[in-house]
Amino acid sequence: MSAAPELRDPPPAHVRRLDPILVDRIAAGEVVERPASAVKELVENAIDAGARSIEVAIEGGGRRLIRVIDDGIGMGADDLALAVERHATSKLPDGDLTRIGSLGFRGEALPSIGAVSRLTITSRTADGEGVSLTLDSGVRGPVRPAPASRGTRIEVTELFAATPARLKFLKTDRAETAAVSEILRRLAVAQPQIRFTLRTESGSPTVFPAESEPGPAALLRRLGAVLGPDFPGNAVPVDMAREGFALAGHVGLPTFHRGAASHIHFVVNGRPVRDRLLLGAVRGAYADTMSSDRHPVLALHLICDPALVDVNVHPAKTELRFREPGLVRALIVSAIHEALRRAGARSSSTGTQAALDALRAGTGTGGAPP
Ligand SMILES: Nc1ncnc2c1ncn2[C@@H]1O[C@H](COP(=O)(O)OP(=O)(O)OP(=O)(O)O)[C@@H](O)[C@H]1O
Ligand SMILES: [Mg+2]
C-alpha cells in the first residue's frame, strides 16, 4: 500500500512573531472585506470628527478609488502620525469599553485599510497647518506639509492590490457600487443632521441634504430621501420609552411591504446595525399583518445607556449583544403595535384598515408574542 501524499509542509519547529505589516494585513481581512467596508469606516471617522458634510466619491466600485472628504475637526501632524498606527485611537478617553459614545473605538480602521491599499490622508485643524501622510501596503511615509481646507480628505487607491485573494472575491463594479450606496444610506438614516454626497462615475451625485433641527419631522424628511418619496405617506411615527431604552422613528404600514428586508433600518445609539434580535422583533411585530415572504419598510432609533449594549462583538461593529434582549424585543414589538393601532384609528384607506383590523384582532395589547 502506498503512503498518502504529503498535503502540507512539515510543521515548523519554532514559534516566531509575525512581521507587523503581515499582522496588519491579516487583521485587515476582518475590517475591510470589500470597498463598502472601507467607505463605512472612513465615513464613521468623519461622523466621529463632528463633520456637518461628508462627500464620498468612488471609481470602479471603489476598487480604483475611494475618496472621503469631511469638514470635521481635522488632525495635526502628531495625531496624523499616530492615527495610522494599530490600536491608536482618540475615542476611548478613559479606556472604558462599557461607555462607548463614538462609532469607532478599536483604533484599527486606518491601519487596516492602509495595509491593503495605498491610503493618503490630508488634514487640517481649525488653527493648524495642513499635513499629509501616505501608507502604501502598510509601509508608512513621512508626515509632510500640504495645502488643505479644514477637515480631512482621504484617498484610497489600489485596494486589495497586495491581497489578490480578496480582490478575486469582489463582485462587479456595479454590485460594489450598490454596496457602497447601501452603506451610505444606512449612515444617512442614522445621522439626518449631516449632509451626505455620493459621486460615482455614472449619473449625477446622490445628495442627502442636512436636516438642521432634530426631531421626528426632520427624520421623516431624511427617510423620504433615503427610503423613497412614498414612505412618509405610508408610515406612522413610533415613540416609546421603557426601563432605560427609548425607541423613536417611523414604521411603514403593513400594506407598504417589500420583497427584501433591506429597507429595515435600525440605529442604536447613532450606529446603524444589522442585528438578528432586532430583525426578529420586527418580524414578530408584523407577523399577523404581513405575509412571511414580505418585509416592512422602517427606520427605528434606539437610545440607551452604552453600558446596556455591547458593540464590541465583531470588528465591523454592526452586531450587538444587549444585556437584556427580552426587554428590547418586547419594547420594539409593543412600540410598533401601538403605532400601527394608532394609525388604524385614523386610517381611511380600506386596504390599510383591513390589515390593521387583523392586527387589532390578533395580539391584543402588544408585548412579545409567544
Ligand atoms: N476623518 C477624520 N477626522 C479627524 N480625525 C480622524 C479622522 N479619521 C480618523 N481620525 C483619527 O484617527 C484615529 C484612528 O482612526 P481609526 O478609524 O483607525 O480608529 P478609531 O476610529 O479610533 O477606531 P475604529 O478602528 O473602531 O474605527 C481616530 O481615533 C481619530 O482620532
Ligand atoms: Mg474609525
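Both ligands and their constituent atoms are indexed starting at 1 by order of listing. Every heavy atom of this structure was used, including side-chain atoms; hydrogens, water molecules and symmetry mates were not.
- Atom 14 (C) of ligand 1 has A83 O, 3.6 Å as its closest protein atom, hydrogens excluded (heavy atom only).
- Summarising the contacts of atom 30 (C) of ligand 1 with S90, G74, G72, S123, the nearest heavy atom is found in S90.
- Among the backbone and side-chain atoms of N45, an N/O/S atom is found under 2.8 Å from the Mg ion (ligand 2).
- Distance from atom 21 (O) of ligand 1 to its nearest protein heavy atom, with residue and atom name: K91 NZ, 2.7 Å.
- Counted by atom type alone, K91 and N45 present one or more donor-acceptor pairs between their side chains at under 3.5 Å.
- Of the protein's heavy atoms, K317 NZ, 2.6 Å lies nearest to atom 26 (O) of ligand 1.
- Side-chain contact, D136 with T134: no donor N or O sits under 3.5 Å from an acceptor N or O.
- Considering backbone and side-chain N/O of G107, one or more are found under 3.5 Å from N/O of ligand 1.
- Residue D48 has no N or O atom closer than 3.5 Å to an N or O atom of ligand 1.
- The shortest N or O to N or O distance between A109 and ligand 1 is below 3.5 Å.
- Polar contact check, A49 against ligand 1: no nitrogen or oxygen pair lies under 3.5 Å apart.
- At least one N/O-N/O distance between F105 and ligand 1 falls below 3.5 Å.
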